[in-house]
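The residues of the chain are indexed from 1 along the displayed sequence.
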Amino acid sequence: QVQLVESGGGLVQAGDSLRLSCQVSGLRFPFLTYAMGWFRQAQGKERQFVAAISSSGDNTKYADSVKGRFTISRDNAKNTVYLQLNSLEYEDTAIYYCAQSISHSLQNLGASYFESWGQGTQVTVSS
């Protein structure tokens, strides 16, 4: 059974930083087989793509709203993917979800291409 466990969320002030982690276990194939992503869902809004990283870590993609402020990375030896959140803004307030792609590449980034999801971690930014 695949498990994705996020951690690192919290309550911060605008301009602060956070680092989210996602520990993955129970995959059918090695962790380095899969691209990984982060999504977020603000209250009353649809889930939206935030960032993704290819299986090797060589390629990354970001939503325009977080480009230059957020950084996704992974440690394949630890089966862990990270999301560094810098210069946080009130609008970044949301539940952040880690997700495992069905592919190794970043060709498809829609939520339907991610087959396993974590339970989410709350990030709250006060203005």
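- Taken from CG in Leu18 to CD in Gln84, the straight-line distance is 8.0 Å, to the nearest 0.5 Å.
- Using modelled atom types, no side-chain atom of Ser65 and backbone atom of Ala63 make a donor-acceptor pair closer than 3.5 Å.
- Shown here is Tyr113, whose OH atom has no more than 12 heavy atoms of other residues, nucleotides or ligands within 6.0 Å.
- A single hydrophobic cluster is seen to contain both Met36 and Val66, as judged by linkage of ILVMFWY side chains at heavy-atom distances under 4.5 Å, directly or through other members.
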Point to revise | Verdict with reasoning, Val123 to Leu11, per side-chain contact (heavy atoms from CB on, under 4.5 Å) | key: CA-CA 6 Å; Val123 173; Leu11 172 63; over 6 Å; no
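- Here the options are Leu83, Leu85, Ile53, the test is side-chain contact (heavy atoms from CB on, under 4.5 Å), and the partner is Trp38; only Leu83 passes.
- Taking the side-chain contact (heavy atoms from CB on, under 4.5 Å) definition, one finds that Asn76 meets it with Phe31, Leu32, Arg74, sequence neighbours left out.
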Check your understanding: For His104 and Ser54, what are the C-alpha separation, side-chain angles and deciding distance, and is it a side-chain contact (heavy atoms from CB on, under 4.5 Å)?
Key -> CA-CA 6 Å; His104 63 91; Ser54 63; over 6 Å; no
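- Among pairs with a residue in residues 48-71, those fulfilling salt bridge (Lys or Arg N to Asp or Glu O under 4.0 Å) read Asp64-Lys67, Arg69-Glu89, Arg69-Asp92, at least two apart in sequence or across chains.
- Of the N and O atoms on the side chains of Glu91 and Thr93, not one donor lies less than 3.5 Å from an acceptor on the other residue.
- The cluster map of Ile, Leu, Val, Met, Phe, Trp and Tyr, joined by side-chain heavy atoms under 4.5 Å apart, puts Leu27 and Trp117 in different clusters.
- Taking the side-chain contact (heavy atoms from CB on, under 4.5 Å) definition, one finds that Gln41 meets it with Arg47, Tyr97, sequence neighbours left out.
- With hydrophobic clusters built from ILVMFWY side chains whose heavy atoms lie under 4.5 angstrom apart, Val24 shares a cluster with Val50.
- Listed by chain and number, the residues in a side-chain contact (heavy atoms from CB on, under 4.5 Å) with Gln13 are Asp16, Ser126 (sequence neighbours excluded).
- What you find for Val12 and Leu88 is that their closest heavy atoms are CG2-CD1, 3.7 Å.
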Check your understanding: After noting the C-alpha distance and the side-chain angles of Thr71 and Tyr82, does the key distance pass the side-chain contact (heavy atoms from CB on, under 4.5 Å) rule?
Key -> CA-CA 8 Å; Thr71 303; Tyr82 305 96; over 6 Å; no
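- Put simply, Phe29 and Val2 are part of the same group of oily side chains (I, L, V, M, F, W, Y) that touch within less than 4.5 Å, one to the next.
- The aromatic rings of Phe39 and Phe49 sit perpendicular, their planes meeting at an angle over 60°, well past the 30° parallel limit.
- Scanning all heavy atoms of the two residues, the minimum distance from Gly9 to Leu20 falls at N-CD2, 3.6 Å.
- Checked against side-chain hydrogen bond (donor to acceptor under 3.5 Å, both in side chains), Ser105 has the following partners two or more places apart in sequence or in another chain: Ser103.
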Practice item. Give the intermediate values and the outcome of side-chain hydrogen bond (donor to acceptor under 3.5 Å, both in side chains) for residues Ser21 and Gln23. Key: CA-CA 7 Å; Ser21 299; Gln23 176 75 43; over 6 Å; no
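- Between the side chains of Asn86 and Ser17, at least one donor N or O lies within less than 3.5 Å of an accepting N or O.
- Here the straight-line distance linking atom CD1 of Ile95 with atom CD of Glu6 works out to 10.0 Å at 0.5 Å rounding.
- Phe114 and Phe70 are members of different hydrophobic clusters when ILVMFWY side chains are connected at heavy-atom separations under 4.5 Å.
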Practice item. Evaluate the side-chain contact (heavy atoms from CB on, under 4.5 Å) criterion for residues Thr33 and Ser55: first the C-alpha distance (whole Å), next the side-chain angles of each, then the deciding distance (0.1 Å), finally the verdict. Key: CA-CA 6 Å; Thr33 306; Ser55 58; 5.8 Å; no
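- Taking NZ of Lys45 as the start and CZ of Arg40 as the end, the distance is 9.0 Å to the nearest 0.5 Å.
- Gln100 is linked by a side-chain hydrogen bond (donor to acceptor under 3.5 Å, both in side chains) to Glu115, Ser116, counting only residues two or more places apart in sequence or in another chain.
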